[in-house]
Amino acid sequence: MEEDKIEKLVIFVTHGPEDPEKATLPFVVANAALAMETDVTLILQSKGVFTATKGVYEHIRTPGVEPLKKLVDNCMRMGGKLFVCIPCIEERGISIDMLVDGAQLIKAGRLVHTVLEAKTVLNY
């Protein structure tokens with residue numbers, strides 16, 4: 001009998017408040033995947049770092065979709081991993097204490113390793 005295996009999904013988030021729909025949809029997918037017992041890692045790059053920045057993510061909303069804050073909080077509660085690009089936050093003057101609880105900082109090496117482990121990678 002084949003052993004049960006949890007699939008790994010990586011989702012890149014590259015949009016923030018300037019495009020609420022593209023900022024929110026990755027978290028909708030992440031929540032669905034987590035509910036299906038998938039190992040989910042979200043990697044925030046570029047303006048996507050604002051989707052995990054306190055004082056910003058609470059205000060990103062898309063009509064017909066749960067507020068981003070609720071989606072992010074659900075992801076973290078369900079065991080999703082949230083990796084935030086170090087150069088991207090430094091460029092924008094965002095410090096680690098400004099990020100949601102549980103966010104982890106990441107650079108290119110760990111990013112590549114995470115992507116190579118995944119079965120599927122999505123980009124928003």
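All residue numbers refer to positions in the sequence shown, counting from 1.
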Open item on the list: Could you check whether atom CD of E117 has more than 12 heavy atoms from other residues, nucleotides or ligands sitting under 6.0 Å from it?
Closed with: yes
Task: Heavy-atom side-chain proximity of L111 to F83 below 4.5 angstrom - done: no
Open item on the list: Contact between V56 and P17 at the side-chain level, heavy atoms closer than 4.5 Å - yes or no?
Closed with: yes
Open item on the list: When you compare the side chain of N31 with that of M78, does any pair of heavy atoms fall below 4.5 Å?
Closed with: yes
- [ ] With the side chain counted from C-beta on, respond yes when L116 and H113 share a heavy-atom pair under 4.5 Å apart, and no when they do not.
- [x] no
Open item on the list: Measuring from atom NZ of K69 to atom CZ of R61, what distance do you get when rounded to the nearest 0.5 angstrom?
Closed with: 10.5 Å
Open item on the list: I'd like to know if L71 and L25 are part of one continuous hydrophobic network [Ile/Leu/Val/Met/Phe/Trp/Tyr, side-chain heavy atoms within less than 4.5 Å].
Closed with: yes
Task: OG1-NZ distance between T120 and K8, expressed to the nearest 0.5 angstrom - done: 12.5 Å
TODO: Determine, using the 4.5 Å side-chain heavy-atom cutoff (strictly less than), whether V72 and I96 are members of one ILVMFWY cluster.
DONE: yes
Task: CG on L44 to CD on Q104, rounded to 0.5 Å - done: 11.0 Å
Open item on the list: Could you report the tightest heavy-atom contact between G16 and I60, atom names first, then the distance?
Closed with: C-CD1, 4.2 Å
Task: Considering all heavy atoms, the nearest L68-A23 contact - done: CD1-O, 3.9 Å
- [ ] Kindly say whether C88 contributes a backbone atom to a donor-acceptor pair with the side chain of E91 at under 3.5 angstrom?
- [x] no
Open item on the list: A side-chain contact here means heavy atoms from C-beta on lying under 4.5 Å apart; do I94 and F50 qualify?
Closed with: yes
Open item on the list: If you count heavy atoms of other groups shown closer than 6.0 angstrom to NZ of K81, is the number above 12?
Closed with: yes
Task: Gap between atom CD1 of I11 and atom OG1 of T41 - 0.5 Å precision - done: 9.0 Å
- [ ] Treating Ile, Leu, Val, Met, Phe, Trp and Tyr as nodes and any side-chain heavy-atom pair under 4.5 angstrom as an edge, say whether M98 and V13 lie in one connected cluster.
- [x] yes
Open item on the list: Are D101 and M76 packed together at the side-chain level, in the sense that at least one heavy-atom pair is separated by less than 4.5 angstrom?
Closed with: no
Task: Step-by-step side chain to side chain contact (heavy atoms under 4.5 Å, CB included) determination, L99 to L82 - done: CA-CA 10 Å; L99 298 174; L82 196 60; over 6 Å; no
- [ ] Evaluate whether atom CE of M36 has more than 12 neighbouring non-hydrogen atoms of other residues, nucleotides or ligands under 6.0 angstrom away.
- [x] no
Open item on the list: I want to check something: taking the side chain as every heavy atom from C-beta on, are C75 and L42 in contact at a cut-off of under 4.5 Å?
Closed with: yes
Open item on the list: Just so I know, are the side chains of D39 and L9 near enough to count as touching, which here means a heavy-atom distance under 4.5 Å?
Closed with: no
Open item on the list: How about NZ on K54, more than 12 heavy atoms from neighbouring residues, nucleotides or ligands closer than 6.0 Å, or not?
Closed with: yes
Open item on the list: Check for me, please, whether V40 and F12 land in the same ILVMFWY cluster - side-chain distances under 4.5 Å, paths through other members count.
Closed with: no
- [ ] Check the side chains of Y124 and D19 for a donor-acceptor pair under 3.5 angstrom, ignoring hydrogens and angles.
- [x] no
TODO: Search all heavy atoms of T14 against all heavy atoms of E18 and return the closest pair with its distance.
DONE: O-OE2, 4.5 Å
Task: ILVMFWY cluster, L122 and I106 together (side-chain gap under 4.5 Å) - done: no
Open item on the list: Can you tell me if E21 has over 12 outside heavy atoms packed within less than 6.0 Å of its CD?
Closed with: no
- [ ] Give, for atom CZ of R92 and atom OG of S46, the distance between the pair rounded to the nearest 0.5 Å.
- [x] 5.0 Å
TODO: Rounded to the nearest 0.5 Å, what's the gap from CG on N123 to NE2 on H15? Could you check?
DONE: 7.5 Å
